[in-house]
Amino acid sequence: MRRPGDQQLGISKDMRLRQRADYVAVQSSGSKVHGKHLLAITRRRTDPALAGRLGLTVTKKVGNAVVRNRIKRMVREWIRLHGWVPTGWDMVLVAKDSAARQVHPDDFAPDLTKILRHFST
RNA sequence: CGGAGAGGAAGAGGCGAUCGCCGGUGUCCAGCGCAAGCGAAGACACGGGAGGAAAGUCCGAGCUUCACAGGGCAAGGUGCUGGUUAACGGCCAGUCGAGGUAACUCGCAGGACAGUGCAACAGAAAGCAAACCGCCGGCGAAAGUCGGUAAGGGUGAAAGGGUGCGGUAAGAGCGCACCGCCUCUUCGGUGACGAGGAGGGCAAGGAAAACCCCACCUGAAGCAAGACCAGACAGGAGUGGCGCUGCCCGCGCGAUGACUCCGGGUUGGUCGCUCGAGCCCGCCGGCAACGUCGGGCCUAGAUGAAUGAUCGCCGCUUUAAACGGUGACAGAACUCGGCUUAUCGACCUCUCCGUCGG
RNA sequence: GCGGGAGUAACUCAGUGGUAGAGUGCAACCUUGCCAAGGUUGACGUCGAGGGUUCGAAUCCCUUCUCCCGCU
């Protein structure tokens, strides 16, 4: 049971993008924010009360399976500890080649704080 | 002590805590049911959660579909022998050949008197052999010419047994000895083959990772296979056939059906999906690979795809010291048996060679 | 995950055991008052990488790397 006031840190299945159609919808009509290692594409959901959803795209060009998994885990962990995607939004993060050389979740902090600040404007 | 060879086993170092992710079991619970009971979503508790290569997809199988069972051709694969296995191109033991002082390692290791082709250039001649130079003999004053000759030179990757002695005009398996080769044969071995004996008197070269021949093996496709549920849509044209998909035979199916093309709709869910030729220990059989039997264990099942992050202590390591680093190759996708490739730092066992000491 | 295909000059491609070729491009020269076109000549290459078979390998065999395509 979650008590009122607690910060929610878990991420369930309805807080992630899980269908190809969702990715296509965000990538075709969302707005883009460039970072050093990441590209963010954000889009408002139809109902602003729905939970924020995150999708991660790391192509084979970036690295092998171990590298791609590590990038996803680091980015997902940082966002989980910093409030996740705001309610009512979808966001797709695309890793750039330089993301493969990062070794710690905080290495993505400059990009991700810039991206999260974008939601408030 | 130094050098070398063979094999084995384990590893994001260990313990604890917190925040998360994935699925499993149990409890509570809406609801269904007369009842026994079943049990959605969610919450809580308990325990589980990447590798030796999970990789490349190079082989072999299970499983599923192609209506059923079959014969022939074609195509492809394997290739010393004997075992092993569900099967294999794997593994084990041996044979032969090559390399190494040795331990040991490496080998696509059948057939070239079944046939067809190939060998550029060079060279006189390259596959029923052949006389350029040379050597020897006859004729001739000589140039030369006619013959003999494969020991020598030269060409070539390769020149039709090798070495030695005899022999001869010079030579030549022409003769002899040893080695090689071929045929027959004795003994040992399941066999590959080995050890010998007798004879032949050299004809029979290379290459089969050229075609091919021989022996053995193979139906095709693949979990995106395939089965079911829910939902959506709009039909039209053509072909006489279609099916285990290259061909033939045989067989079967077939006009509200089949196939092809155009157009339209969907891109959801459940099952398959993890208990299996499974893993560990022990006895016995076997040189071994492996097998019989007994006991114990349950060990990821995701689907935009889960193993991560933070903190404390200890260990290792870099450094003057650390608040630094924690390693290499690399991430399950139906499941097994192999092969191959990538790779860090240590550890253990056995063997060989050299040196010194006893 | 499964299935299939390709790597040869700067680019596009031939070459299927015997000296690596063509076109475009590049450089120099000729032609022109100058440029283009045309002509002549030239440089161009670890045949993706490693190992093997063969006297000899781009070609045959094995291993490996990179890229591309198809299947829900």
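Here the structure is a predicted model, which means the values were calculated and not measured. Lettering follows sequence order; numbering is per chain, from 1.
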The side chain of [X] lies closest to which of these nucleotides: [options]?
X       : options                  : answer
A65(A)  : C21(B), A309(B), G331(B) : G331(B)
R76(A)  : A309(B), G20(B), A306(B) : A306(B)
P105(A) : G331(B), A309(B), C19(B) : A309(B)

**Item:** Residue pair I79(A), M91(A): steps toward the side-chain contact (heavy atoms from CB on, under 4.5 Å) verdict
**Value:** CA-CA 12 Å; I79(A) 292 190; M91(A) 176 166 76; 4.1 Å; yes

**Message:** Tell me whether T113(A) contacts the main-chain N or O of P110(A) through its side chain, where contact means a donor paired with an acceptor under 3.5 Å.
**Reply:**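 Yes, the answer is positive, given that a donor and an acceptor are paired below the 3.5 Å cut-off.
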
**Prompt:** Checking K96(A) side chain against G35(A) main chain: does a donor-acceptor pair fall under 3.5 Å?
**Reply:**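 Yes, the answer is positive, given that a donor and an acceptor are paired below the 3.5 Å cut-off.
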
**Prompt:** Base, sugar-phosphate alone, or nothing: which one does D22(A) contact when heavy atoms must sit under 4.0 Å apart?
**Reply:** nothing

**Message:** Under 4.0 Å, counting only non-hydrogen atoms across every strand here, what does R70(A) touch: a base, just sugar-phosphate, or nothing?
**Reply:**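 Result for R70(A) = nothing.
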
**Item:** Any N/O donor-acceptor pair, R73(A) side-chain to C21(B) base, under 3.5 Å
**Value:** no

**Asked** Donor-acceptor pair under 3.5 Å: do we get one between R20(A)'s side chain and the base of G304(B)?
**Response**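 Per atom types, the contact qualifies.
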
**Request:** Flag the pair D90(A) and R45(A) as a salt bridge only when some basic side-chain nitrogen lies within less than 4.0 angstrom of an acidic carboxylate oxygen.
**Result:** yes

**Message:** Quick check: is Y23(A) connected to L54(A) through a chain of hydrophobic side chains (ILVMFWY, heavy atoms under 4.5 Å apart)?
**Reply:** no

Opposite nucleotide pairing with [N], Watson-Crick or G-U, both atom distances under 3.5 Å:
N       : answer
C347(B) : G8(B)
G291(B) : C284(B)
C181(B) : G200(B)
A306(B) : none
G226(B) : C271(B)
U65(B)  : A220(B)
G160(B) : none
A169(B) : none

**Message:** Please evaluate residues K32(A) and L39(A) with respect to the criterion side-chain contact (heavy atoms from CB on, under 4.5 Å), reporting the C-alpha separation (whole Å), side-chain torsions for both, the decisive distance (0.1 Å), and the verdict.
**Reply:** CA-CA 7 Å; K32(A) 297 178 183 175; L39(A) 165 66; 4.1 Å; yes

**Request:** Mind listing the closest non-hydrogen atom pair of A100(A) and V62(A) along with its distance?
**Result:** CB-O, 3.7 Å

**Message:** At less than 4.0 Å, is any side-chain N or O atom of H104(A) found next to OP1 or OP2 of U310(B)? Yes or no.
**Reply:** yes

**Request:** Give a yes/no on whether any side-chain N or O of Q19(A) is located under 4.0 angstrom from OP1 or OP2 of U267(B).
**Result:** no

**A55(B): syn or anti, per glycosidic angle within 90° of 0** =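 Because its glycosidic torsion lies more than 90° from 0, A55(B) adopts the anti conformation.
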
**Asked** Where does U274(B) fall, syn or anti, if syn means a chi angle no more than 90° from 0?
**Response**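 Base orientation relative to the sugar is syn.
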
**Item:** Intra- and interstrand pairs of RNA chain C - dot-bracket, Watson-Crick/G-U under 3.5 Å, | marks other strand
**Value:** ((((((((.[[[[.)..(..]]]].(((((.......))))).....[[[[[..)....]]]]]))))))).

**Message:** Please evaluate residues L112(A) and H82(A) with respect to the criterion side-chain contact (heavy atoms from CB on, under 4.5 Å), reporting the C-alpha separation (whole Å), side-chain torsions for both, the decisive distance (0.1 Å), and the verdict.
**Reply:** CA-CA 9 Å; L112(A) 291 170; H82(A) 291 80; over 6 Å; no

